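Everything numeric here is computed off the predicted structure, so don't read it as measured data. Keep in mind that the numbers below use all heavy atoms, side chains included, and drop hydrogens, waters and symmetry copies.
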Amino acid sequence: AVLIAGISLVLLWGAAAAWMMQGVRADLDKTLDGRLAMSARMVAGLLERGALKPGQPSTDLTEVVRVDAGARISCVIRGLHGQILARTTGGPALTADSTPTGFSIHEGHGSLWRVYVLNSGGYQITTADNIEQRDVLVNDLLHAVGVPFLIAILGGLAALWIGIGRGLAPLQNLCMQLRAKQTDDTTPIAVTHSP
């Protein structure tokens with residue numbers, strides 16, 4: 001009984017956990033993609049509000065993306081003719097023609113990057129997110145969710161073992177008394193704590 005109930009519990013909760021983890025991973029990827037697109041729209045909004053004209057050769061956009069993002073996120077601003085006006089350090093080296101508008105995946109600096117390209121107001125804004133960093137974030141989140149889930153499964157199995165063991169204790173007592181009796185013994189059997 002313990003084995004059947006335990007295996008059923010592990011299979012059901014394991015399937016539920018796998019389904020939940022897959023959903024969390026998909027939702028987190030969607031959220032990170034939304035953050036990437038929002039970053040590009042934010043830079044486009046800054047450029048539009050700054051009243052900068054993309055045709056002006058003296059336009060200096062280095063202050064817009066001056067932040068050193070390290071190897072996690074990258075931003076590149078290009079003009080109408082594909083010239084780079086400003087960029088963060090790191091990130092994939094992409095040409096204006098090789099990157100389609102919207103989301104795509106590219107390789108750069110020995111790792112994969114999730115790239116979002118937005119054409120707005122005469123500028124091409126490219127934001128990129130390091131996929132390895134995304135995977136680290138997703139795995140950390142899944143571990144944070146998975147460990148309590150695993151503890152709950154093990155605790156449930158222990159409670160099941162103890163509960164079924166106590167519930168069947170009178171039968172175990174009866175079985176031991178019957179085995180100890182001789183064939184011709186007619187003394188009454190004493191079962192304590194029977195349901």
Considering only distance and modelled atom types, tabulate donor-acceptor pairs under 3.5 Å from the side chains of residues 158-182, sequence neighbours left out.
{"from": "Asn173", "atom 1": "OD1", "to": "Gln177", "atom 2": "NE2", "distance (Å)": "3.3"}
{"from": "Gln177", "atom 1": "OE1", "to": "Ala190", "atom 2": "N", "distance (Å)": "3.2"}
{"from": "Gln177", "atom 1": "NE2", "to": "Ala190", "atom 2": "O", "distance (Å)": "2.5"}
{"from": "Lys181", "atom 1": "NZ", "to": "Asp185", "atom 2": "OD2", "distance (Å)": "3.4"}
{"from": "Lys181", "atom 1": "NZ", "to": "Thr187", "atom 2": "O", "distance (Å)": "2.7"}
{"from": "Lys181", "atom 1": "NZ", "to": "Thr187", "atom 2": "OG1", "distance (Å)": "2.8"}

Arg114 meets the side-chain hydrogen bond (donor to acceptor under 3.5 Å, both in side chains) criterion, sequence neighbours left out, with Asp33
By side-chain hydrogen bond (donor to acceptor under 3.5 Å, both in side chains), Ser8 pairs with (sequence neighbours left out) none
Residues sharing [X]'s hydrophobic cluster, by side-chain heavy-atom contacts under 4.5 Å among ILVMFWY, directly or via others?
X	value
Val147	Ile151
Met38	none
Leu150	Leu154

* Output yes when a side-chain donor or acceptor of Thr127 lies under 3.5 Å from a complementary backbone atom of Leu36, and no otherwise. => yes
Side-chain heavy-atom pair Pro100, Val117 within 4.5 angstrom cut-off: no
**Message:** Is there a side-chain contact between Val43 and Tyr123 in this structure, where contact means two heavy atoms from C-beta onward sitting under 4.5 Å apart?
**Reply:** no
dist Ile77:CD1 -> Ile84:CD1 (nearest 0.5 Å) comes out at 11.0 Å
Taken to the nearest 0.5 Å, the spacing of Arg134 CZ from Trp113 CH2 works out to 11.5 Å
Test of understanding: with side chain to side chain contact (heavy atoms under 4.5 Å, CB included), list the residues that count as partners of [X], not counting sequence neighbours.
X	answer
Leu118	Ala40, Arg41, Ala44, Tyr116, Ser120
Met21	Leu142, Val145
Glu132	Ser111, Asn130

So the ring-ring contact (aromatic ring centres under 6.0 Å, His included) pairs with at least one residue in residues 25-48 (sequence neighbours excluded) are none
Contacts satisfying ring-ring contact (aromatic ring centres under 6.0 Å, His included) that involve residues 21-44 (not counting sequence neighbours) are none
Can you give me every donor-acceptor pair (side chain of residues 23-32, partner residue at least two apart or in another chain, under 3.5 Å) with its distance?
{"from": "Arg25", "atom 1": "NH2", "to": "Asn139", "atom 2": "OD1", "distance (Å)": "3.3"}
{"from": "Thr31", "atom 1": "OG1", "to": "Asp27", "atom 2": "O", "distance (Å)": "2.8"}

Atom CG of Leu11: over 12 foreign heavy atoms under 6.0 Å: yes
